[in-house]
Amino acid sequence: MGHPEKAREFTRDIERTHWHDQALWFVREKRDRAAKSVPEWEELREQAAKIKSHTMSRLDRYLEQFEANAQAKGIHVHWAEEAEAHNRIVLQILQDHKATLLVKSKSMLTEECGLNPMLEQNGIEVIDTDLGERIVQLRHEHPSHIVLPAIHLKKEDVSNTFHQHLHTEKGNNDPTYLTRAARAHLREKFLAAEAGLTGANFGISETGGVVVCTNEGNADLGASLPKLHIVSIGIEKVIPRLQDLAVFTRLLARSATGQPITSYTSHYHGPVEGGEMHIILVDNGRSALLGNPTFSESLNCIRCGACINTCPVYRRSGGHSYGYTIPGPIGSALGAFKDQKAHRTLPYASTLCGSCTCVCPAKINLHQQLYDHRQEIVKAGLMDRKKETALNLAGWLFKHPNLLGFSGKVVRTLVPRLPRFLVYNRFNPWGEERELPEMPSKSFKELYRERKRGRP
Ligand code: SF4
């Protein structure tokens with residue numbers, strides 16, 4: 001199923017769709033207020049884009065510098081060309097330490113690599129420790145958002161899940177009660193785990209350390225309590241200097257959730273006393289993306305989720321409708337590059353309104369990328385036949401303004417007079433769940449002329 005079919009499933013629950021839309025819009029508005037509170041916000045975005053472009057243009061050099069500096073701090077550095085190699089390396093490290101329980105946090109990269117099922121098949125218990133990720137893990141679901149993994153769920157859903165798996169009181173939906181239950185459950189796992197795996201928001205080339213930003217402090221427990229700490233990091237996460245970090249930390253939390261800074265911004269520059277630290281640098285298609293001048297800008301992403309929160313399509317279709325690890329505009333761009341055929345519907349999951357580009361702290365031209373992906377999909381002959389016919393018809397109509405005006409008049413006059421079943425049926429995706437907008441009494445041309453003549 002492509003995005004339209006899965007989105008249709010999501011929107012069948014009108015109340016949930018509306019609630020999801022509002023919840024994300026609340027976060028988007030918080031982001032706007034936080035951004036406006038920083039007078040030099042646009043300069044920061046400009047600076048972030050420049051640092052990223054500079055780093056990408058010399059990525060090989062910065063990665064080697066990162067590796068050398070990390071090794072000098074006693075960290076083991078591994079390189080993984082694809083997801084399978086990454087998973088094998090993690091398994092090998094865990095088996096070498098006879099670890100059977102791994103606590104994991106803050107890593108969409110391990111989702112991308114499909115690490116959990118592979119480790120579980122090899123007898124290793126994996127516990128996701130971000131609250132949202134643990135909730136979706138218990139439900140055997142994938143995160144529906146990169147920052148808010150369980151945003152598709154209401155507190156009643158969480159209560160049912162916890163009652164089933166953590167034996168909390170049935171029907172108790174109190175968020176504090178549920179959070180405390182999750183905390184007690186996760187503490188036991190943290191204390192028992194032989195290994196912790198974290199992702200990383202940034203790798204700093206000049207120091208060889210990594211930085212992890214969280215709000216729950218779970219990455220700190222996972223990295224500090226067990227003696228073994230594994231870090232999975234995409235190669236694009238490297239930045240040149242420690243001072244560059246200031247630009248990104250000021251942008252990241254404000255763009256993500258509207259907070260001035262995440263509750264924890266933790267630096268890991270070596271193993272805990274008597275322990276071992278491993279960093280796995282993962283490519284998994286990133287080099288190919290870097291080599292493509294049209295789409296390489298999407299590597300500048302710092303995974304704040306702002307483009308996802310603002311996207312009118314994401315807000316109304318939910319993260320699972322994308323069928324790719326990362327949803328929303330950035331996920332559509334990355335997914336379409338990764339597997340054009342499998343994700344051919346994703347670039348169309350956008351209104352091309354440009355809101356994603358406007359909020360992106362790294363100034364990625366997201367809507368342009370989605371537009372370019374559409375061109376590539378058409379060229380590759382992968383476009384949906386029905387959509388192609390409809391677009392060709394629309395294109396032809398736009399080239400004939402008189403006919404366009406006439407057809408507008410026909411629709412305006414005819415649709416309100418048609419029997420309801422002809423408009424509101426399963427063949428009309430718009431009319432199936434919602435009332436059609438009220439038809440204007442006059443054409444745009446007439447309205448435009450009136451306006452020009454100075455009438456209201
Ligand atoms: S593309 Fe930009 S807005 Fe979207 S997640 Fe990445 S950095 Fe944030």
Side-chain angles (χ1 to χ4, degrees), residues 24-25 27-32 34-35 38 41-42 44-53 55-56 106-109 111-112 132 143-149 151 199-202 211 213 233-239 244-245 247-259 261-262 286 289-290 294-315 319 322 324-338 343 346-347 349-373:
L24 268 309
W25 188 248
V27 185
R28 156 73 210 262
E29 284 185 322
K30 263 183 87 188
R31 173 260 167 217
D32 288 352
V38 179
W41 183 257
E42 287 308 315
L44 279 174
R45 288 180 73 215
E46 195 60 48
Q47 192 67 19
K50 281 185 183 157
I51 295 169
K52 279 288 184 182
S53 304
T55 315
M56 292 307 149
K106 195 76 194 173
S107 179
M108 287 305 286
L109 179 57
E111 277 285 326
E112 177 187 319
S144 68
H145 189 292
I146 56 174
V147 178
L148 312 158
I151 189 69
N201 293 85
F202 306 99
V211 177
C213 306
I233 179 171
I235 54 171
E236 83 286 12
K237 294 282 181 72
V238 166
I239 55 172
D244 299 324
L245 187 65
V247 174
F248 292 105
T249 46
R250 293 189 75 197
L251 289 165
L252 180 64
R254 286 185 174 92
S255 301
T257 52
Q259 295 166 262
I261 193 150
T262 43
R286 286 157 176 81
L289 188 50
L290 186 62
T294 312
F295 299 115
S296 61
E297 223 178 81
S298 53
L299 279 174
N300 295 358
C301 174
I302 59 169
R303 303 287 192 270
C304 70
C307 61
I308 304 176
N309 301 339
T310 200
C311 177
V313 176
Y314 171 85
R315 283 189 276 116
Y322 288 77
Y324 185 63
T325 321
I326 300 170
I330 182 63
S332 298
L334 292 170
F337 186 82
K338 184 112 191 158
H343 302 299
L346 292 188
S350 166
T351 60
L352 296 187
C353 62
S355 185
C356 45
T357 304
C358 289
V359 297
C360 177
K363 294 193 92 165
I364 302 171
N365 57 353
L366 284 159
H367 70 292
Q368 182 63 46
Q369 295 231 345
L370 294 175
Y371 180 69
D372 291 340
H373 274 297

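All of these numbers come straight from a predicted model, not from anything done at the bench. Numbering of ligands and ligand atoms starts at 1, following listing order.
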Between S298 and L334, the two heavy atoms sitting closest are OG-CD2, 3.7 Å
The atoms of ligand 1 lying under 4.0 Å from a heavy atom of G305, numbered in the order shown, are 5 (S), 8 (Fe)
Rounding to 0.5 Å, atoms NE2 (H367) and SG (C311) come to a distance of 12.5 Å
Near L366 (heavy-atom distance under 4.0 Å), the atoms of ligand 1 are 1 (S)
Residue, atom name and distance, where the atom is the protein heavy atom closest to atom 3 (S) of ligand 1 = C307 N, 3.3 Å
What residue and heavy atom of the protein are closest to atom 2 (Fe) of ligand 1, and at what distance?
-> C360 SG, 2.4 Å
Going by the atom numbers of ligand 1, which of them fall below 4.0 Å from some non-hydrogen atom of I364?
-> 1 (S)
Residue C301 vicinity, atoms of ligand 1 by number, heavy atom under 4.0 Å | 1 (S), 5 (S), 6 (Fe), 7 (S)
What class does the angle between the rings of F295 and H373 fall in, given that below 30° is parallel, 30 to 60° is tilted and above 60° is perpendicular?
-> parallel
Taking all non-hydrogen atoms of both residues into account, name the closest pair between N309 and H145 and its distance.
-> OD1-NE2, 2.6 Å
Minimum-distance pair of heavy atoms, taken over all atoms of L252 and N201 | CD2-ND2, 3.8 Å
Atom 7 (S) of ligand 1: which protein heavy atom is closest, and how many Å away?
-> I302 N, 3.4 Å
Presence of N, O or S from C304 under 2.8 Å of atom 8 (Fe) of ligand 1 | yes
Can a salt bridge be assigned to the pair R303 and E112 using a cut-off of 4.0 Å between side-chain N and carboxylate O?
-> no
